[in-house]
Amino acid sequence: MESLKKKKQRAEKIFEILDPLYTTEKTALKYSTPFELLVSTILSAQCTDERVNQVTKVLFKKYKGPEDFVKAPISELEEDIRPTGFFRNKAKSIKACSQALVEKYNGEVPSTMEELIKLPGVGRKTANCVLGAVFDVPGIVVDTHVKRLAKRLGFTDNTDPDKIEKDLEKLLPKDKWRRFSDLLIYHGRAVCKSRKPDHAHCPIFHLCPSKEI
DNA sequence: CTCCCGATAT
DNA sequence: ATATCAGGAG
């Protein structure tokens with residue numbers, strides 16, 4: 001059983017190696033306001049960022065703020081976001097979420113975890129995403145990539161995202177949380193892929209226990 | 001745990 | 001054909 005101290009050392013090294021490698025990520029969600037990021041993140045569930053950006057490029061011209069989503073007929077909104085998948089659930093979430101923002105927060109996106117996760121369709125992953133990107137609040141975004149890499153790297157045995165988040169928090173100081181989860185996501189997309197991890201081009205292969213399996 | 005769900009890579 | 005993609009709710 002690897003000690004926490006050893007894990008921390010490994011996490012630090014991994015951070016130092018990956019940090020300079022993923023500097024200009026072009027495939028990130030595009031948005032111009034906190035609200036747009038919130039909507040984009042809801043749409044990103046089980047869908048690539050690229051496709052979300054395709055959809056939001058048109059979507060945000062039609063819907064300028066939460067008020068416009070509240071006004072829109074649900075069936076119309078469903079069609080507007082259809083290519084992102086889970087379109088009925090997502091349309092419902094976005095509409096209910098927009099309504100809550102208008103009613104409780106004067107149309108603004110709240111800036112705390114407690115408030116954000118109360119919004120319909122917003123869980124810790126989406127909340128951390130928004131908190132980190134527009135409010136500069138430290139947090140580990142546990143999405144499917146982070147989940148997979150944390151396991152492969154031997155940083156967690158848990159499958160519950162909330163527990164994985166806490167396991168990863170122990171490894172690095174707060175100011176590195178956000179960047180660390182972003183790095184894991186980029187590395188997960190580019191190299192440590194779900195189906196065919198590219199061991200030959202992995203710069204942290206020597207720090208990964210999965211190579212022994 | 002299951003369901004939601006279209007598009008792409010393998 | 002099947003697994004997977006910046007998840008969340010019931």
Side-chain angles (χ1 to χ4, degrees), chain A residues 18 22 24-31 34-60 69 74-75 77-101 109 113-135 137-152 156 158-165 168 177-201:
Chain A
L18 295 184
Y22 299 104
T24 50
E25 289 312 306
K26 43 194 179 66
T27 50
L29 294 176
K30 289 179 185 168
Y31 59 92
F35 177 69
E36 285 189 3
L37 174 60
L38 182 62
V39 173
S40 298
T41 310
I42 291 173
L43 291 176
S44 73
Q46 295 294 297
C47 180
T48 61
D49 288 6
E50 200 179 347
R51 182 161 310 283
V52 173
N53 286 334
Q54 261 177 271
V55 167
T56 55
K57 185 175 180 183
V58 181
L59 191 73
F60 294 149
F69 284 100
I74 192 74
S75 55
L77 180 55
E78 284 174 357
E79 289 311 308
D80 289 333
I81 64 169
R82 181 183 267 272
T84 66
F86 294 170
F87 62 92
R88 290 190 185 85
N89 286 350
K90 288 176 182 176
K92 199 187 295 175
S93 291
I94 291 170
K95 203 166 159 63
C97 188
S98 296
Q99 184 139 13
L101 292 182
V109 177
M113 175 62 75
E114 300 74 58
E115 293 171 305
L116 281 167
I117 58 178
K118 281 181 194 164
L119 296 170
V122 179
R124 291 190 65 86
K125 183 262 164 184
T126 301
N128 268 325
C129 219
V130 172
L131 286 171
V134 302
F135 297 115
V137 177
I140 302 215
V141 178
V142 181
D143 71 343
T144 179
H145 297 295
V146 172
K147 197 170 167 181
R148 183 177 68 252
L149 267 67
K151 188 175 179 64
R152 285 181 179 173
T156 186
N158 289 305
T159 53
D160 175 26
D162 291 10
K163 289 179 183 171
I164 294 175
E165 190 182 334
L168 294 178
W177 288 356
R178 171 68 185 191
R179 179 62 179 157
F180 189 58
S181 56
D182 280 347
L183 289 173
L184 292 184
I185 290 165
Y186 298 143
H187 192 58
R189 282 207 287 238
V191 178
C192 193
K193 292 172 283 190
S194 179
R195 295 199 183 183
K196 211 178 64 173
D198 192 358
H199 295 305
H201 296 98

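Computed from a prediction, not measured in an experiment: that's the story for all the values here.
- Residue A/Thr41 places no side-chain N or O under 4.0 Å from the OP1 or OP2 atom of C/dA6.
- Checking C/dG7, C/dC5, C/dA6 against the side-chain heavy atoms of A/Asp49 singles out C/dA6 as nearest.
- Positionally, the nearest nucleotide of DNA chain C for A/Cys47 lies more toward the 5' end than for the other of A/Val122 and A/Cys47.
- Checking C/dC5, B/dG6, C/dG7 against every side-chain atom of A/Lys125, the shortest atom distance belongs to C/dG7.
- For the side-chain contact (heavy atoms from CB on, under 4.5 Å) test, residues two or more places apart in sequence or in another chain that qualify with A/Val134 are A/Tyr31, A/Pro34, A/Leu37, A/Val130.
- One finds a side-chain N or O of A/Arg189 lying less than 4.0 angstrom from the OP1 or OP2 phosphate oxygen of C/dA6.
- Rounded to whole Å, atom P of B/dC5 lies 12 Å from atom CD1 of A/Ile94.
- Spacing of P atoms, B/dC1 relative to C/dT4, comes out at 16 Å, to the nearest Å.
- Proximity of A/Thr84 to the phosphate of B/dA7: no side-chain N or O atom is located under 4.0 Å from OP1 or OP2.
- Using a 4.0 Å cut-off between charged side-chain N and carboxylate O, A/Glu79 and A/Arg82 make a salt bridge.
- Between A/Phe180 atom CZ and C/dA6 atom P there is a gap of 18 Å when expressed in whole angstrom units.
- Ranking C/dA6, C/dG7, C/dC5 by closeness to the A/Arg178 side chain, first place goes to C/dA6.
- In this structure, A/Lys118 places its NZ atom 14 Å from P of C/dA9, rounding to the nearest Å.
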Extract from the structure each pairing of a protein N or O with an N or O of nucleotides 8-10 of chain B at less than 3.5 Å, listing the distance.
from: B/dT8; atom 1: OP1; to: A/Arg51; atom 2: NH2; distance (Å): 3.1
from: B/dA9; atom 1: N3; to: A/Arg195; atom 2: NH1; distance (Å): 3.2
from: B/dT10; atom 1: O4'; to: A/Arg195; atom 2: NH1; distance (Å): 3.3

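- In this model, the phosphate group of C/dC5 is approached by a side-chain N or O of A/Arg148 to a distance below 4.0 Å at OP1 or OP2.
- Residue contacts for A/Phe87: at a heavy-atom cut-off of 4.0 Å it reaches the sugar-phosphate backbone alone, with no base atom in range.
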